[in-house]
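Below is one structure; the comments refer to it alone.
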Amino acid sequence: MTSQKVREQFLNFFKSKEHTIVPSAPMVMKNDPTLLFTNAGMNQFKEFFLGNTVSKSKRITDTQKCLRVSGKHNDLEEVGKDTYHHTMFEMLGNWSFGDYFKKEAIQWAWELLTEVYKIDKDSLYVSVFEGSNDADNLKMDQEALDLWSAIVPKDRIIMGNKKDNFWEMGDQGPCGPCSEIHVDIRSAEEKAKVPGASLVNQDHPLVVEIWNLVFMQYNRKANGELENLPEKHVDTGMGFERLCMVLQGVQSNYDTDVFTPLIREIETITNHKYGKDEQTDIAIRVIADHIRAVAFSIADGQLPSNTGAGYVIRRILRRAIRYGFTFLDTKKPFMYRLVKVLGESMGKAFPELKEQYQLIENVVKEEENSFLSTLEQGLVLLDSVIKSSKDKTINGHKAFELYDTFGFPIDLTSLILEEKGYDLDVEGFEKALQAQKDRSRSASETSKEDWTILLEDAEQEFIGYDSLEAKVKLVKYRKVSSKKDGDQYQSVFNLTPFYAEGGGQVGDKGYLEASNGDVTYIIDTKRENNEIIHFSENLPKDISGTFKAVVDEKQRRRTESNHTATHLLHQALREILGEHVEQKGSAVHSKYLRFDFSHFSKVTTEELREVENFVNARIEGHLPFEENRNVPVKEALAQGAMALFGEKYGDTVRTVRFGQSIELCGGTHVKNTGDIWHFKITSEGAVASGIRRIEAITSDAVKDFYFKNNRTLFEVKDLLNNSQDPVKAVTALQEENAQLKKQVEGLLKDKAKNLKSELLNELADLNEVKFLAKKVDLDAASIKDLSFEMGQNKENLFLLLASEKDGKAILSCYISKELAFERNLNAGTIVRELGKYIQGGGGGQPFFATAGGKNPAGIPEALEKVEVYLK
Ligand code: ATP
Ligand code: MG
C-alpha cells in the first residue's frame, strides 16, 4: 500500500465516523513563547482542551507535521542512528472535544488497524496506565483495561507506568492517562525465541510504538496540582512513517516509499550505495531525514538564521551537511538537489512544498555553500594547529576557537585528529564552552517576579482598533530585571487601547494618568500567552486606582500609515513582479517600513518606480478601510485574502481590505489610504538567496525626505554659483578634476625621478656605508617610496630624510636589510631617539621607520646627530 493511500485511508476512516478533516497546522509556531515548533498533533488544539475556546466541530481528524528537535521532545541525536525516529514526521490523529471518550477511541483504533489496514492481530500489543503512588495518587485506568480486555487477549495487554502511560504536553496544561499500541514486526523465528511482550517499550527497532491514545481529563496547574478539565477529550497520535513501515512489510521507516525516492537520489548524487556499510547508511538516513525538516520549515516561513527557530533549522541542515562531508565525500552543495524529489513525492499532500520549491532550493544551496566554505577554512586552520603542536595533543582552547569563531564543528575536529593520530584536550574544550555559556547566560539573564494580582478573574479587552484612550484598572503587575534593560515593570489592564507588538507592527507607547495628574509612561507593549503586557520603568503610586490610558497618537498614526502602505506594497509586488512573490517578513515602525519577500532577481529601478506608482495611485484613490473582525479562515481565504504562513484550524481571523488588497491582519490601519499622503521606496536589496527586502517611508517621513533632499540641492546649487543645471555643472567639475589629477600625478613622478638621481649623487661614503641625511620637500608616503626605490639601486644604504609640512616635522630612516642585520642597527630605535629633537616620537621596523614631531626647527640637529649611529 503506498504511503499516499495509507494517509488517505486514515483520514477517510475517521471521516466515516463523522470527523471533519482539517489541514495540518504550520510546523513553525507563531505566538507561543513556550514552543518553537509543533511537536505533537494536539498543540493546535490546546485551547479546545482547556475549554478556553469551543471547537466548531467536536470530532476532527488530520495529519500534523511535527518536529522534535528542541525542548521536551527532542529526538535529534537519535535520528539516522535508529530507523524509526525522525526530526520531522507526520502524526495522524483523531480528536474528540468533549464528545466520545475511551470506548470509541479504543474500538475505532482497533478496527482501523486490524480491519482496514489488516495488521495481524497477533503482532499487536497495547498498554494501560497502572496508576501512581506519588503526590498525584492516580488510580489505575480500569475503564481502558476493561475495554481492551474485551478485544485483546490478556497476555498482550501491558500495564505501564507514569512515564509511558500518562501523557503530558509540558510542565503545565492538559494531560491524562493513555493507551499505546505497539507492533512487533520481527520474523516468526525471532518471535518464537523471545516473546514480544518483553520487548515493548525497550527501544527495540522492530517492536515499536505506533499509536498513542490519550484520554485527556486533567489540567496540570502551575503549582503542580491536577484539576479536572471541564470536559473529557480524546487526543490520539500515530506515527505515519512507522505505520507505513508496518503496512509495507519492511523493517525500517527508511525502506518505505516515504524515503526511498530520497535515498535513491542521494545514492545517485554521492555514488554511495545504501545498505552496504553502517556508517554510510547513517549518513544517508540523516540526510534523507533532515532535508524534509529543513524544506518543510522553509515552506512554513522559517528561514535558517542565527537565532531562535531559524538557528535550530540551520543546525539541522548543518548536521546533514557534516554527515555528507565526512562519510559521503560531498565537498560541494548537494542537498538542494533533493528538494525536487521531495516535492514530487510529498507535494500532493503538502502543496506548500511545491509552491515554494524554488525558494527552498535556493536557500538550501546558499546555506550549503556558506557552511562548506566554513568547513574548508576550518580544515586549513586545523592543519596549522596540528603542525604547530609539539606533543600530539591539541589544546582545548584552540579547538574551541575553531568552533566558536569559525563555526567549525567539534565532532569534525575530533574525528580528523583521531585519523591523524592526535589527541584532543576534550576537558579544555568543555571548559571553554561552559565558560562561554555562562557568559551569555548572565548577559541575557532576566529575573521575573511572580505576578501580583490586583483584580481576580478580570477579563481583558483590547479596544485599540477603535480608540486610543480608555479608563483602565491594573489587573496585575510584576517586576522584571535584566542586565540589558535594568528594572522594568510589566502590567496588564482590564481594558486597553495599546496595540501589542505583532504581525510586524511595533507595540504602542503612551502613558497612564492617575486621577491626581501623576503620569507613568508606557514604553512598549507586547503580547504573551494572549495577554497584552504594558512595559514601564516605574509603577503608578496608587496601583489600585483608575487611570486614563492614552496611546501616543502621533507614533500610532505614523505606524498605521506604514502598515497600510505595506499591504499596498505587497499587492503591488505581486501585480508587477508576479504571483510568486510571498511575504517573508515585515517590520512596521513609525518611521519606516520594511518588507521581505521571495523573488529571484534584483528588482530593477524601472520596476521599483512602477511599484511606487502603483501604491501611490491607490493612495490618491482614497480607498476606505474595510475590516471584518470575525471571519473563519476558510472564508477569508476564499475571498482571496493573503494568509501569511497558514493559519490553523478553527481560527477566526480579521480581514483588512483596501480596494483589491485583502489580507489577514491583526494590525492597525489608516481609515483611508489618502491619509498615507505619499509612498517612497528608500532601498532595495537582498537578505538571503531568493529573498529581497524593500524599505520605504510614508507620510511625514516622505515630507522630511523631500525637504532634506531639496535643501541639499539648494546648497549644491549655491556652491555652483547658482547654476541652473547643477548636474551639468558637477559633471564638468568632475571632468576638470580628473584632468588636473592626471597632470599633477605626472608632475610629481617627474619630480621624484629628478630628486632620486639628485640624491643618489649626493650619497657619501661613511664607514663603508652609502649615507645621506637631508631635508626634502615631499610628503611621508613619497619619502617612503623614494627610500625603497633608492634601496633597490644601492646596497648598504643608510638614509635619514626629513621634511616639514604644516608646521610639523617628519623623520624617515631607511637602512638596507643586510646592513641593519650585520651592524645591528634598528631604524625604529634610531627615529625614536632622534625624535626628541623634533619633539615627537615614532617607530617602525629595523629597516624602515618614521617619527613625527611638532618642532621642525629641530630637523637640522637630528640630521647632524644621526651620523653617530654609523661610527
Ligand atoms: P517513542 O517512545 O517511540 O519516542 P513517543 O512516546 O515519544 O514515542 P508520542 O509522543 O506518544 O511518542 O507520539 C505519538 C506517536 O508519534 C508515536 O506513537 C510514534 O508512532 C510517533 N512518533 C513519536 N516520535 C516520533 C519520531 N521522532 N519520529 C517518528 N515518529 C514518531
Ligand atoms: Mg519519543
Side-chain angles (χ1 to χ4, degrees), residues 3 6-7 10 24 27 35 37-46 61-95 105 109 112-113 117 119 124-129 158 160-170 173-185 199-216 234-247 250 252-256 258-259 285-286 288-290 292-293 296 312 316 319:
S3 54
V6 172
R7 195 188 287 113
F10 181 92
S24 173
M27 189 167 80
L35 272 186
F37 302 100
T38 296
N39 64 16
M42 59 80 66
N43 296 162
Q44 68 160 325
F45 304 123
K46 191 166 123 186
T61 181
D62 69 356
T63 179
Q64 172 65 47
K65 303 175 271 188
C66 297
L67 191 62
R68 292 195 168 178
V69 289
S70 55
K72 184 176 152 114
H73 294 280
N74 185 348
D75 294 332
L76 183 62
E77 285 312 317
E78 281 323 298
V79 172
K81 293 178 189 146
D82 77 16
T83 49
Y84 60 105
H85 278 96
H86 303 296
T87 53
M88 183 256 162
F89 64 99
E90 283 179 65
M91 201 187 278
L92 300 163
N94 58 292
W95 320 87
L112 176 64
L113 292 179
Y117 289 138
I119 299 176
L124 294 172
Y125 293 86
V126 301
S127 63
V128 170
F129 179 48
I158 289 144
N161 60 18
K162 212 169 169 187
K163 181 182 137 280
D164 288 319
N165 284 80
F166 191 84
W167 202 90
E168 306 203 39
M169 65 168 279
C175 53
C178 62
S179 269
E180 298 170 339
I181 304 177
H182 298 257
V183 58
D184 180 357
I185 53 171
L199 297 175
V200 167
N201 275 332
Q202 301 300 318
D203 296 329
H204 193 290
L206 301 179
V207 184
V208 296
E209 174 191 331
I210 53 168
W211 204 349
N212 194 355
L213 317 179
V214 184
F215 313 116
M216 294 283 186
V234 171
D235 152 14
T236 86
M238 171 144 66
F240 170 67
E241 299 77 8
R242 291 185 193 177
L243 177 64
C244 290
M245 162 175 83
V246 176
L247 297 181
V250 291
S252 155
N253 287 6
Y254 295 90
D255 292 335
T256 65
V258 180
F259 285 96
R285 288 197 289 265
V286 164
D289 175 276
H290 290 9
R292 289 170 20 113
F296 273 95
V312 176
I316 297 176
R319 184 171 186 260

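Read the numbers this way: they start at 1 and go in the same order the structure lists the ligands and their atoms. What's counted below: heavy atoms across the whole structure, side chains too, no hydrogens, waters or symmetry copies.
- In this comparison of Met42, Arg68, His73, the heavy atom closest to atom 10 (O) of ligand 1 sits on Arg68.
- Less than 4.0 angstrom separates some heavy atom of Met91 from each of these atoms of ligand 1: 13 (O), 14 (C), 16 (O).
- At under 3.5 Å, not a single nitrogen or oxygen of Met238, backbone or side chain, sits near a nitrogen or oxygen of ligand 1.
- Of all atoms in ligand 1, listed by their number and element, those nearer than 4.0 Å to a heavy atom of Gly237 are 14 (C), 15 (C).
- Judged purely by atom type and a 3.5 angstrom limit, Tyr117 uses its side chain to pair as donor or acceptor with the backbone of Val6.
- You'll find the side chain of Thr38 stays beyond 4.5 Å of the side chain of Leu67, heavy atoms only.
- With a heavy-atom cut-off of 4.0 Å, His86 touches ligand 1 through backbone and side chain alike.
- The list of salt bridge (Lys or Arg N to Asp or Glu O under 4.0 Å) pairs with a residue in residues 76-92, not counting sequence neighbours, reads Arg7-Glu90, Glu77-Arg319.
- Taking the six-membered ring where tryptophan is involved, the planes of His86 and Phe259 are essentially parallel, since the angle between them stays under 30° and well short of 60°.
- Taking any N or O of Phe89, backbone or side chain, none lies under 3.5 Å from an N or O belonging to ligand 1.
- Between Trp95 and Asp235, the closest side-chain pair of non-hydrogen atoms falls below 4.5 Å.
- The closest side-chain heavy-atom distance from Phe37 to His73 is not below 4.5 Å.
- A heavy-atom separation below 4.0 Å is found between Tyr84 and ligand 1.
- Only the side chain of Asp75 comes within 4.0 Å of ligand 1, judged by heavy-atom distances.
- Applying the 4.0 Å criterion to heavy atoms of Asn212 picks out, from ligand 1, the atoms 11 (O).
- Looking at residues two or more places apart in sequence or on another chain, you find a salt bridge (charged side-chain N to carboxylate O under 4.0 Å, His left out) between Asp184 and Arg186.
- Backbone and side-chain nitrogen or oxygen atoms of Glu180 are examined, and none is located within less than 3.5 angstrom of a nitrogen or oxygen of ligand 1.
- If you run side chain to side chain contact (heavy atoms under 4.5 Å, CB included) between Trp211 and each of Leu92, Leu124, Thr236, only Thr236 comes through.
- If you check each of His85, Glu78, His182, Gln64 against atom 1 (P) of ligand 1, the one with the closest non-hydrogen atom is His85.
- In Trp211, the part holding a heavy atom less than 4.0 Å from any atom of ligand 1 is the backbone.
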